[in-house]
**Q** 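The structure follows.
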Amino acid sequence: MNGAKEAEAEEYHSKDFEWETLKQEIEDDPSLRYHLLPCPFPQQETTTTTTTRQPESIRAWQRFHIQHSSGKFFKERRYLLKEFPELVSCGEFCRVLEVGCGNGSTALPILRGNKTIILYACDCSNETLERAKEFVAASNLVSLEHRFHPFYCDFATIGFPKWLSCSSCREKIAQNSQTCFSDVKEHVRTHVNDLCSMEESTCCLGGMDFVTLIFTLSAVPLERMPAAIKECFSVLKPGGMLLFRDYGLYDMTMLRFEPERRVGFREYMRSDGTYSYFFCLDTVRSLFVGAGFIEVEIEYCCVKSVNRRNWKSMQRVWVHGKFQKSI
C-alpha cells in the first residue's frame with residue numbers, strides 16, 4: 001500500500017519555494033477554496049464505512065500495481081539515502097522494516113547503499129510483493145536478494161506478525177530498557193515461510209532498528225492511522241527510528257482533485273479507487289508523538305519540477321520526518 005509513487009522527488013530535501021507562500025496563494029484563489037472546507041460528511045458515517053472501505057482500498061492498490069507492473073511508472077528512490085543518511089551510517093547487520101514496499105523502488109537503493117543491512121519489507125498485496133522480488137532480483141546482485149525478506153501484511157488492519165517482535169520481548173523492554181532482545185543471526189538466508197518457524201526456537205527477531213513509512217501512511221484511512229503508527233512503534237527497538245515521507249498539504253496532486261473526489265478533510269479518492277491523505281506538519285506531529293515517539297525532525301519539502309511533456313512547472317510538497325523511540 002504504497003501511495004501513487006510517481007517520481008516523487010529526484011532532488012532531495014529541497015526548498016525551491018516557501019510552503020507559507022504557497023499556502024497563501026491557495027487560500028487567495030476562490031477556485032481552490034473547496035479544498036479548505038470542513039469534511040462534507042458526518043464523522044459518524046466516515047467511521048462506520050472505514051471497515052468496508054479498507055478491503056476495497058486494498059483491492060484497488062492491487063489493481064494499481066498490476067497495471068503498472070512494468071516498472072516504468074516507478075523510479076528507484078536514490079534520493080532516500082541523502083534524506084535518511086542513518087540508513088548508510090548504521091552499524092553492521094542493521095535491521096530495517098519497510099512498511100508498504102510496493103514494487104521495491106525504495107528497497108533497492110537501501111540494499112545497495114548499505115552492504116550489510118537486512119531489509120524486511122511488507123505490503124498488503126501478494127502480487128505487489130512478487131513485483132518487488134522481481135525488481136530486486138533484476139539487479140543481478142545475489143547479496144541483495146539474501147538480505148531482502150518480503151512478506152504479506154496489512155499492518156493497518158491486523159498489525160505486524162509476532163516474529164518481528166513478540167509480546168514477551170515488548171513487555172521485558174517496557175520493564176527494563178536495558179533488556180536485550182533474543183539474538184538472531186542477521187546473516188540468515190531464508191524466505192518468509194522459514195522466518196515464521198523461527199519464532200518457536202528464537203522467540204522473535206527482537207525488533208527493528210529502523211521502520212520506514214515512505215508514501216504509505218497517506219493510503220491508510222485517517223481513523224486507523226493512530227493504531228497503525230502504534231504498530232510501527234511496537235516493533236522498534238529502544239532508540240530505534242521511524243523515517244517518514246509522504247504527501248504534504250497543498251501538493252500539486254491534491255489541488256488537481258475535483259470537489260466530488262473528496263471523501264474527508266484533506267482526504268481524496270482517485271479515479272482508480274485508491275485513496276490519499278495530504279498531511280500538514282501539525283497532523284504528523286500529533287500522530288507520532290501521540291503514539292509515543294520523540295520528534296527528531298519534521299519539515300515540508302517543497303520541490304519545483306517540470307513536466308517534460310508539456311513543460312509546465314509543478315509545485316510538489318512532501319512532509320519529511322524522523323521520529324525516535326526512547327531508550
Side-chain angles (χ1 to χ4, degrees), residues 1-2 77 80-81 84 86-88 90-126 128-137 139 141-167 169-170 181-217 228-237 239-244 325:
M1 185 163 43
N2 225 22
R77 291 191 174 89
L80 282 178
L81 299 183
F84 302 117
E86 296 87 350
L87 294 172
V88 180
C90 62
E92 287 191 342
F93 307 115
C94 182
R95 289 196 290 264
V96 177
L97 172 62
E98 183 191 359
V99 183
C101 65
N103 76 324
S105 57
T106 296
L108 195 53
I110 292 175
L111 290 166
R112 279 177 171 160
N114 186 319
K115 303 301 182 185
T116 66
I117 207 165
I118 310 297
L119 183 61
Y120 299 89
C122 68
D123 203 280
C124 63
S125 165
N126 284 313
T128 302
L129 291 170
E130 288 302 316
R131 302 291 179 276
K133 291 179 189 176
E134 293 168 4
F135 194 67
V136 172
S139 67
L141 297 173
V142 176
S143 64
L144 266 63
E145 290 187 73
H146 289 160
R147 293 183 288 116
F148 181 57
H149 304 294
F151 64 97
Y152 176 88
C153 179
D154 178 12
F155 83 114
T157 302
I158 61 174
F160 292 117
K162 291 182 178 180
W163 53 261
L164 284 176
S165 178
C166 69
S167 300
C169 285
R170 295 178 192 176
F181 284 103
S182 56
D183 184 30
V184 176
K185 292 182 180 180
E186 284 88 347
H187 68 268
V188 65
R189 300 178 178 182
T190 82
H191 295 292
V192 162
N193 288 339
D194 299 322
L195 290 173
C196 295
S197 64
M198 282 184 186
E199 184 179 351
E200 295 178 2
S201 57
T202 59
C203 183
C204 65
L205 290 176
M208 299 288 114
D209 298 289
F210 293 95
V211 171
T212 65
L213 274 176
I214 311 296
F215 295 95
T216 296
L217 192 62
I229 295 171
K230 286 180 180 178
E231 276 294 309
C232 295
F233 182 86
S234 71
V235 298
L236 271 173
K237 295 178 181 177
M241 188 173 289
L242 186 144
L243 308 175
F244 177 81
K325 186 172 184 176

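Just so you know, these numbers come straight off a predicted model, no measurement behind them. When a residue number appears, it is its place in the shown sequence, counting from 1.
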**Q** Kindly confirm or rule out a cation-pi arrangement of K325 over F233, judged by NZ or CZ under 6.0 Å from the six-membered ring centre and within 45° of its axis?
**A** yes
**Q** Determine yes or no for a side-chain-to-main-chain donor-acceptor pair under 3.5 angstrom, with R147 supplying the side chain and I117 the backbone.
**A**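 Side chain of R147 to backbone of I117, a donor-acceptor pair under 3.5 Å: yes, one is there.
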**Q** Of the non-hydrogen atoms in D209 and C94, which two are nearest, and what is the gap between them?
**A**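 Minimum heavy-atom separation between D209 and C94: CB-SG, 3.3 Å.
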**Q** To the nearest 0.5 Å, tell me how far K115 NZ sits from L144 CG.
**A** 7.0 Å
**Q** With side chains defined as the heavy atoms from C-beta onward, is the minimum distance between T212 and F84 less than 4.5 Å?
**A** no
**Q** Would you check if M208 and V96 make a side-chain contact, meaning some heavy-atom pair closer than 4.5 Å?
**A**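 Answer no - side chains too far apart.
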**Q** Counting N and O atoms only, with roles assigned by atom type, does the side chain of R112 sit under 3.5 Å from a partner on the main chain of S139, one being a donor and the other an acceptor?
**A**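 Not confirmed, R112 side chain does not pair with S139 backbone.
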**Q** Which heavy atom of F135 sits nearest a heavy atom of L108, and at what distance?
**A** CE2-CD2, 3.8 Å
**Q** Is there side-chain contact between F155 and V235, with heavy atoms separated by less than 4.5 Å?
**A** no
**Q** Donor-acceptor pair, distance only, cut-off 3.5 Å: does the side chain of T116 make one with the backbone of F93?
**A**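 Present.
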**Q** Decide yes or no for V99 and F160: does some side-chain heavy atom of the first lie under 4.5 Å from some side-chain heavy atom of the second?
**A**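 Heavy-atom side-chain distance check passes, below 4.5 Å.
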**Q** So does I214 get a backbone contact from the side chain of T216, meaning a donor-acceptor N/O pair under 3.5 Å?
**A** yes
**Q** Between A121 and L129, which heavy-atom pair has the shortest distance, and what is it?
**A**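 Where A121 meets L129 most closely, the heavy atoms are O-CD2, 4.1 Å.
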**Q** Would you say T106 and C101 make side-chain contact, with heavy atoms under 4.5 Å?
**A**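 Of all side-chain heavy-atom pairs linking C101 with T106, none is under 4.5 Å.
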**Q** Kindly compute the distance separating CE (M241) from CZ (F210), expressed to the nearest 0.5 Å.
**A**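 So the CE of M241 and the CZ of F210 are separated by 6.5 Å.
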**Q** Once rounded to the nearest 0.5 Å, what's the spacing between atom CG of L81 and atom CD of E86?
**A**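 Rounded to the nearest 0.5 Å, the CG-CD separation comes to 10.5 Å.
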**Q** What's the shortest heavy-atom distance between L87 and C90, and which atoms?
**A** O-SG, 3.6 Å
**Q** Which heavy atom of C124 sits nearest a heavy atom of Y152, and at what distance?
**A** O-CE1, 3.0 Å
**Q** Applying side chain to side chain contact (heavy atoms under 4.5 Å, CB included), run through I229 and L217 and close with a yes or a no.
**A** CA-CA 9 Å; I229 295 171; L217 192 62; 3.9 Å; yes
**Q** Less than 4.5 Å apart, any side-chain heavy atom of L205 and any of W163?
**A** yes
**Q** At their closest point, which heavy atom of C153 faces which heavy atom of P161, and how far apart are they?
**A**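 Shortest heavy-atom separation between C153 and P161 comes out as SG-CD, 4.1 Å.
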**Q** For the atom pair CD1 (I118) and CZ (F148), what is the distance rounded to the nearest 0.5 Å?
**A**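 Those atoms lie 12.5 Å apart.
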**Q** Please round to the nearest 0.5 Å and tell me the distance separating atom CG of D123 and atom CZ of R131.
**A** 11.5 Å
**Q** Once rounded to the nearest 0.5 Å, what's the spacing between atom NE2 of H146 and atom CG of L111?
**A**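 Here the interatomic distance stands at 12.5 Å.
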